[in-house]
Protein chains: 4
Amino acid sequence: MEKNKPKYNQIIEAAVEVIAENGFNASQVAKIANKAGVADGTIYLYFKNKEDILISVFKEKMGEFIKEIASSIQYEDNAEAKLYTLISMHFHQLAEDHHLAVVTQLELRQSNIKLRQEINQILKPYLTVIDDIIKEGIEENIFRDNLNIPLVRQMIFGTLDEIVTNWVMQDQRYELISQSSDVHAFITSGLSVNH
Amino acid sequence: MEKNKPKYNQIIEAAVEVIAENGFNASQVAKIANKAGVADGTIYLYFKNKEDILISVFKEKMGEFIKEIASSIQYEDNAEAKLYTLISMHFHQLAEDHHLAVVTQLELRQSNIKLRQEINQILKPYLTVIDDIIKEGIEENIFRDNLNIPLVRQMIFGTLDEIVTNWVMQDQRYELISQSSDVHAFITSGLSVNH
Amino acid sequence: MEKNKPKYNQIIEAAVEVIAENGFNASQVAKIANKAGVADGTIYLYFKNKEDILISVFKEKMGEFIKEIASSIQYEDNAEAKLYTLISMHFHQLAEDHHLAVVTQLELRQSNIKLRQEINQILKPYLTVIDDIIKEGIEENIFRDNLNIPLVRQMIFGTLDEIVTNWVMQDQRYELISQSSDVHAFITSGLSVNH
Amino acid sequence: MEKNKPKYNQIIEAAVEVIAENGFNASQVAKIANKAGVADGTIYLYFKNKEDILISVFKEKMGEFIKEIASSIQYEDNAEAKLYTLISMHFHQLAEDHHLAVVTQLELRQSNIKLRQEINQILKPYLTVIDDIIKEGIEENIFRDNLNIPLVRQMIFGTLDEIVTNWVMQDQRYELISQSSDVHAFITSGLSVNH
DNA sequence: AATGAATGAGCTTTCATTCAT
DNA sequence: GATGAATGAAAGCTCATTCAT
């Protein structure tokens, strides 16, 4: 897969749009090809099959998503600040890109188990970022040192994910980003050492 | 929909098994009919279409799920105890029913948006139960009084849901129920007044 | 495969016609279904897949072909007479059924190796009939007793098959059946004890 | 068709190998180009289309095949000896070249009628060689003078062809060349005057 | 002459749903 | 009410061929 070829990116972008507009099951390869301005067969020069398009969409988009967050938090100097940045950037990036939000929160969940496991692999670096913040908080003596890290990570990710999914399912009728503070307060309360 | 007819329940039970065993996409109406011991056409005497089977499955199973929890928490006498019971029963019921856990956490998510919105409607009573616990906690002066209730509810539900989904996707290789205390501690720390 | 259902036979007959008219490669399932007067999907109630149609066509037709020959030769009372009947009936049956001749001599040869091996299995009973005639001729002291039976059988079958194929490929412009005597003379000369 | 260019022959040789290894239907132009070490498009500088490659393969290979036989028999001084040489060389050449045997006996038969008619044209010189032997045998008073020459030629060619095809389809598990004597004996008995 | 990226027509098979019995 | 044979629309993928470079 030659990712620097322009057609590769055309197809990825077209796929995001088509999936967001038509839903996962109604996203025929022909529709994606048409929106990308290439022939059906061209898709198969860049992707192994339809599933490969979907995985690649998620990989590319999630890669950018994580990179943005990772590069933003590196300048924050404690775990609480990093967590706040992670939460607000998580909300921010999805609030900014309507298609992406629909695709990640709703459409990609409709894939089969095998595909979801691949998606989980792609998510791992993000989960590692969360883990690292928790560990740093423990070292900084901000968070309790008896935390079950995988469990805490699931709680954090589950919270963020559910909030975004709800927001998307309610047609994004309310302000997502402004909830960052409340969410951050909730999570840090749950993790903090009792002073 | 004549729900007291025995065939209705046969079909519902068959559907849960077939979906759990074959996955959402490979759950043909013919397979469900076969497992239920009825003819394909008979399905359509009890359900409008395939989607209606799935919604009904979720409605029936979720109804029982919520009823169990609601009846258990009514005897607890404060919000923290109720929350603990809700968490442990949530985990308990899904840990006990392997098929149900797979169907609710993985398979039903593969449905389209329209179906998922119907599922969300069915979930509402459960979310109301959570809301009521939060409100009670505020009244009892156990939880802070400035909580954004819908947001808190999303965080609680998101946390529980993500933890169960993770557990199912890892083939239920670890003990789910024993995590109740940690999860309860995390959530109540996030909500409590005194820290 | 329920062979007494009328649709099964409709499809077999339609398949022979469609293959004879359009050739093997241009014989779409849709064309066969159309000619048989059934829906495309109905084909798959009676046949596993397209290849199964072709094998079944050959099996059914070859079954009749062999049965006719076998029942005709049983009343002949020596190997030479039996061989003559076999030759003339072989020619006769294919000369009578234009579609069948095209399908067996030309179209079915275009199948892949796997299919051809299945076809060879179906042919076996016919080859056994030939073998039995040779053996009988040896016992009757009409044919030489040092014959390599598999080789002789291949020579007989190869001769008949090539003659029919030539006749079909030349658009059946000459009389096939009338060649029976010459062919019979050639073969028996090759097999006879030298008197 | 510039047949003396090296790429022409590279493509022909590659085609024989690819067809023998993959079967007729799985022999994509791209595979042949790849094995020949040329670009897909280059194929079309030397051949009109895919069918033209196949016809050319047969033409080239059959040309050599016939030339070998024709030059060998010219030194034999009677029809019986010539026939023996023809039979043994027919077997010998195919037994020596595994790929060629598979391609001529199995794979090229899977082509459509039009292609097979072209192949038949290419075979004509070989059939003429057989005809000439028969005529010579009649003149030499070795063979009967009332022979139907085209029919006899079909019987001879059909016999040889069927024997080779059988041998190829049985994975060449037995010795082909050693059958020459039996086959020769069978055929000459069928043709000879004196019995 | 040579390349190889791009094209797009073409076809088997599945399965939710119907309806005559 | 119950059946299950029949329906037919729908879509992913392949591959021979082209043509701009």
Side-chain angles (χ1 to χ4, degrees), chain A residues 2 5-8 10-11 25-34 36-53, chain B residues 2 5-8 11 25-34 36-54, chain C residues 2 5-8 10-11 25-34 36-53, chain D residues 2 5-8 11 25-34 36-54:
Chain A
E2 325 192 21
K5 297 288 180 66
K7 303 227 165 170
Y8 177 89
Q10 279 170 47
I11 295 167
N25 287 305
S27 291
Q28 299 95 329
V29 172
K31 252 181 204 160
I32 296 173
N34 184 257
V38 301
D40 292 17
T42 304
I43 299 273
Y44 293 88
L45 297 176
Y46 295 91
F47 300 91
K48 220 169 76 245
N49 51 31
K50 189 183 176 182
E51 188 171 299
D52 190 30
I53 305 174
Chain B
E2 323 190 24
K5 295 292 180 66
K7 301 218 167 168
Y8 177 89
I11 295 166
N25 287 306
S27 291
Q28 300 92 334
V29 172
K31 248 181 207 159
I32 296 172
N34 183 258
V38 301
D40 294 16
T42 304
I43 298 270
Y44 291 87
L45 298 175
Y46 294 92
F47 300 91
K48 214 167 84 245
N49 51 31
K50 189 183 178 181
E51 193 172 293
D52 188 30
I53 306 174
L54 301 169
Chain C
E2 325 190 21
K5 296 289 181 67
K7 303 227 164 170
Y8 178 89
Q10 278 171 46
I11 295 167
N25 287 304
S27 291
Q28 300 94 328
V29 173
K31 251 180 204 159
I32 296 173
N34 184 257
V38 301
D40 293 16
T42 304
I43 299 270
Y44 292 87
L45 297 176
Y46 295 91
F47 301 90
K48 219 169 76 246
N49 50 34
K50 189 183 176 181
E51 188 172 298
D52 189 31
I53 306 174
Chain D
E2 321 188 29
K5 297 288 180 71
K7 301 219 169 170
Y8 177 89
I11 294 167
N25 287 305
S27 291
Q28 299 91 336
V29 171
K31 247 180 207 158
I32 297 172
N34 183 258
V38 301
D40 295 15
T42 305
I43 298 269
Y44 291 88
L45 297 176
Y46 294 91
F47 300 91
K48 215 168 82 244
N49 51 31
K50 188 181 177 181
E51 193 171 293
D52 188 30
I53 306 174
L54 300 169

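A note on names: the letters A, B, ... follow the listed sequences, proteins ahead of strands, and every chain is numbered from 1. Since we're looking at a predicted model, the values are computed, not measured.
Contact record, B/Ile11 with B/Tyr46: CD1-CD1, 4.1 Å, taken as the closest heavy-atom pair. The two residues A/Tyr44 and A/Val29 have their closest heavy-atom pair at OH-CG2, 3.7 Å.
If you take CG of B/Leu45 and C1' of E/dC19, they are 12 Å apart, rounded to a whole angstrom. Rounding to whole angstrom units, CD1 of residue C/Ile43 and P of E/dT14 are separated by 13 Å. Going from atom NZ of A/Lys48 over to atom C1' of F/dT14 covers 16 Å, rounded to whole Å. Rounded to a whole Å, the CG atom of D/Asn34 is 13 Å from the P atom of E/dA5. In this structure, D/Ile32 places its CD1 atom 17 Å from P of E/dG4, rounding to the nearest Å. Taking atom CZ of C/Phe47 as the reference point, atom P of E/dT14 lies 15 Å away to the nearest angstrom. Rounded to whole Å, atom P of F/dA11 lies 8 Å from atom NZ of A/Lys31. Rounded to an integer number of Å, the gap from OH of D/Tyr8 to C1' of E/dA1 is 18 Å.
Minimum atom distance to the side chain of B/Lys7 is reached by F/dA2, of the listed F/dA2, E/dT7, E/dA2. Closest to the B/Tyr46 side chain, of the nucleotides E/dT7, F/dG1, F/dA6, is F/dG1. Out of E/dG8, F/dA6, F/dT3, the shortest distance to the side chain of A/Ala39 is found at E/dG8.
Between the OG atom of C/Ser27 and the CD1 atom of C/Ile53 there is a distance of 9.5 Å, given to the nearest 0.5 Å. Residue A/Leu45 holds its CG atom at 15.0 Å from NZ of A/Lys48, rounded to the nearest 0.5 Å. Note that CD1 of A/Ile43 and CG of A/Asp52 are 11.0 Å apart. Values are rounded to the nearest 0.5 Å.
The nucleotide E/dA1 finds no pairing partner, because no Watson-Crick or G-U wobble arrangement with both distances shorter than 3.5 Å includes it. Of all nucleotides present, only F/dA2 satisfies the Watson-Crick or G-U wobble test against E/dT21, with each distance under 3.5 Å.
Both D/Gly37 and C/Thr42 sit near DNA chain E, but only D/Gly37 has its closest nucleotide nearer the 5' end. Each of D/Glu51 and C/Gly41 lies near DNA chain F, and the nucleotide nearest C/Gly41 is the one positioned closer to the 5' end.
Side-chain contact between C/Pro6 and C/Gln10: present, with at least one pair of heavy atoms (C-beta onward) separated by less than 4.5 Å.
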Under-3.5 Å N/O pairs linking protein and nucleotides 10-12 of chain E:
from: E/dC11; atom 1: OP1; to: C/Gln28; atom 2: NE2; distance (Å): 3.1
from: E/dC11; atom 1: OP2; to: C/Gln28; atom 2: NE2; distance (Å): 3.3
from: E/dT12; atom 1: OP1; to: C/Lys50; atom 2: NZ; distance (Å): 2.8
from: E/dT12; atom 1: OP2; to: C/Val29; atom 2: N; distance (Å): 3.1

